[in-house]
Enquirer: 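Dropping a structure here in structure tokens format, bear with me for questions.
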Amino acid sequence: MFALVDCNNFYASCERLFQPEFRGKPVVVLSNNDGCVIARSQEAKDLGVHMGTPWHLVDAAIRDQVKAFSSNYTLYADMSARVMNNLARFTPNVEIYSIDECFLSLTGFSNLESYGNQMRQQIIRNTGIPVSVGVAPSKTLAKLANRMAKNFNGLCVLETPEKIDLAVKDFKVEEIWGIGRQYAKKLPSFGILTAHDLRSQPLEWVQEKLTIQGVRMWYELHGKSCIQLASMTERKQGIRSSRSFGKLTGDYTFLEEATVAYCTRVSEKLRKDKSCATLLSIRLLTNIHRPETTQYTNSVAITLPHPTNNILELVKHAVRGLKSIFKPSYLYLKVEVYATGLIPEREVQLNLFSNYDGKRKNEVSELMDRLNNYYGKGTLILAAEGFEKKWSMRRNFLSPPYTTEWDAILRVR
DNA sequence: TCTGGGGTCCTAGGACCC
DNA sequence: TCTGGGGTCCTAGGACCC
């Protein structure tokens, strides 16, 4: 048996936790650059604010009634860690699936109904974050149960075949975990509208139309688990940093400074994961939301002479890559830095044809990590990143990082 | 004026091997 | 007129997730 625990309206819940005057009020959280709505409190949903809509396109009369926040990932990441730590007390086997979701293996546990309720109570008491719990014999059904829990009292346990039959009967096919926009468009033309319809098709048909992933989904909907809990120790396959700028630009220096900053981020993440990259990709994009302007997008993949997470080396290659794809006379929106072909730091093999001897220490990177961890992010940066940060995001409605900085800690009078 | 970021897995097709 | 068979590896693109 699996449980899926999902934080309700997570980002909005985090913001409200520290500004309780917004409890019971419509609250939204915006994406980077205050672009789209990415989280909504129930009251905001009730006002008809949709997920993913650009904030500036929301009706002004509605905007006036809603409290908007810029996304504050420092806060959300810390709150997420608290929730996950609490969940880990319920079973040794957990998979942190996303910032606000966690799968738990409950095989061998009994009284699932009351155990699920205990989880909900303990999480809200210890962290202040409300969660919903779905329990079922497969991950796909646990997701489905979780969705149903949101419409009940926050808990849904699908233990018996009868309960599962009943649950899939009216469950919309497009809401199944693994059915995205494309399949949601296609399936109704075959008369498939519900999870029950999909699972009633012959397996061969599903294999043909939805390939191997559909086959797994089919078994899972029948209560046969075939997607295991992912191990939390696995190495990532790629690490990316990409961000839209606060404004469009054609200025090469601007782009280079942003590339250096994003590349710095990537190298930090690599070192944190104790990984080295063998391939570094740089991608440059104009604003696709403005089809009337001339568009240009290009990317370059650089095979590194030897696997590395050294900031100076990565930046050198990143800048060279950027130069090779930059074209003047376009207005750019975004640059992406993507490291792939990751291998463990300690298994790096040397290259016969590079003069790198493996002994040179990663001193600059290590010093930067040490100072930036101790004194706070951005204490020591490469000069090539620039000091103006012209590329930084718009975040006009940012709340303080209440739980991670002494200066921001909440005062109680 | 203003439209996110960071991941995963699978398949097809091309280049290459003997 | 007629031009093999059985592989591997890599990449791009498309689907999905939160």
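For the numbers below, each heavy atom of this structure counts, side chains included, while hydrogens, waters and symmetry mates do not. Chain A is the first sequence line, chain B the second, and so forth, proteins listed ahead of strands; every chain is numbered from 1.
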Enquirer: For a quick check of understanding: with a heavy-atom distance under 4.0 Å over all strands, which category does A/Lys143 fall into, base, sugar-phosphate or nothing?
Expert: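 Here A/Lys143 touches the backbone only, sparing every base.
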Enquirer: Among residues at least two apart in sequence or on other chains, which ones pass side-chain contact (heavy atoms from CB on, under 4.5 Å) with A/Leu285?
Expert: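 Per chain and number, A/Leu285 pairs via side-chain contact (heavy atoms from CB on, under 4.5 Å) with A/Arg283, A/Thr297, A/Lys334, A/Glu336.
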Enquirer: May I have all residue pairs that pass side chain to side chain donor-acceptor pair (under 3.5 Å) and include part of residues 204-222 of chain A, sequence neighbours excluded?
Expert: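 Matches after skipping sequence neighbours: A/Thr140-A/Glu220.
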Enquirer: Taking protein heavy atoms under 4.0 Å as touching, what does nucleotides 3-12 of chain B look like 5' to 3' if B marks base contact, S marks sugar-phosphate-only contact and - marks none?
Expert: BSSSBSSSS-
Enquirer: For A/Ile124, check side-chain contact (heavy atoms from CB on, under 4.5 Å) against everything at least two apart and list the hits.
Expert: A/Pro130
Enquirer: Can A/Asp46 and A/Gln42 be said to form a side-chain hydrogen bond (donor to acceptor under 3.5 Å, both in side chains), step by step?
Expert: CA-CA 6 Å; A/Asp46 295 343; A/Gln42 186 57 49; 2.9 Å; yes
Enquirer: With sequence neighbours excluded, tell me which residues meet side-chain contact (heavy atoms from CB on, under 4.5 Å) with A/Pro188.
Expert: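 In terms of side-chain contact (heavy atoms from CB on, under 4.5 Å), with neighbours along the sequence ignored, A/Pro188 is linked to A/Leu193.
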Enquirer: Runs of at least three consecutive Watson-Crick or G-U pairs, both distances under 3.5 Å, are what I'm after; which ones involve DNA chain C?
Expert: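 Stem list for DNA chain C: B:5-18 with C:5-18.
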Enquirer: Not counting sequence neighbours, which residues clear ring-ring contact (aromatic ring centres under 6.0 Å, His included) with A/Tyr338? List them please.
Expert: none
Enquirer: Rounded off to whole Å, could you give me the CZ-to-C1' distance for the A/Arg147 and C/dC17 pair?
Expert: 12 Å
Enquirer: With C1' as the reference atom in both, quote the distance from C/dG4 to B/dC17 in angstrom, rounded to an integer.
Expert: 14 Å
Enquirer: Using whole Å, report how far NZ of A/Lys139 lies from P of C/dC17.
Expert: 14 Å
Enquirer: Name the nucleic acid region contacted by A/Leu30, choosing base, sugar-phosphate or nothing; use a 4.0 angstrom heavy-atom cut-off, strictly under.
Expert: nothing
Enquirer: Using a heavy-atom cut-off of under 4.0 Å over every strand shown, decide if A/Ile227 touches base, sugar-phosphate, or nothing.
Expert: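 Counting heavy atoms under 4.0 Å across all strands, no contact is made by A/Ile227.
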Enquirer: Taking atom P of C/dC16 as reference, at what distance in whole Å does atom CD of A/Glu220 sit?
Expert: 17 Å
Enquirer: Any salt bridge (Lys or Arg N to Asp or Glu O under 4.0 Å) pairs touching residues 87-102 of chain A, not counting sequence neighbours?
Expert: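 Passing the test, one end in residues 87-102 of chain A: A/Glu95-A/Lys139, A/Glu101-A/Lys143.
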Enquirer: Taking atom types as modelled, find out whether A/Asn9 and A/Ser41 have a side-chain donor-acceptor pair closer than 3.5 angstrom.
Expert: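 No, no side-chain donor-acceptor pair sits under 3.5 Å.
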Enquirer: Nearest whole angstrom, please: distance from the P of C/dC18 to the CG of A/Asp6.
Expert: 9 Å
Enquirer: With sequence neighbours left out, what residues match A/Gln118 under side-chain contact (heavy atoms from CB on, under 4.5 Å)?
Expert: A/Phe90, A/Ser114, A/Tyr115
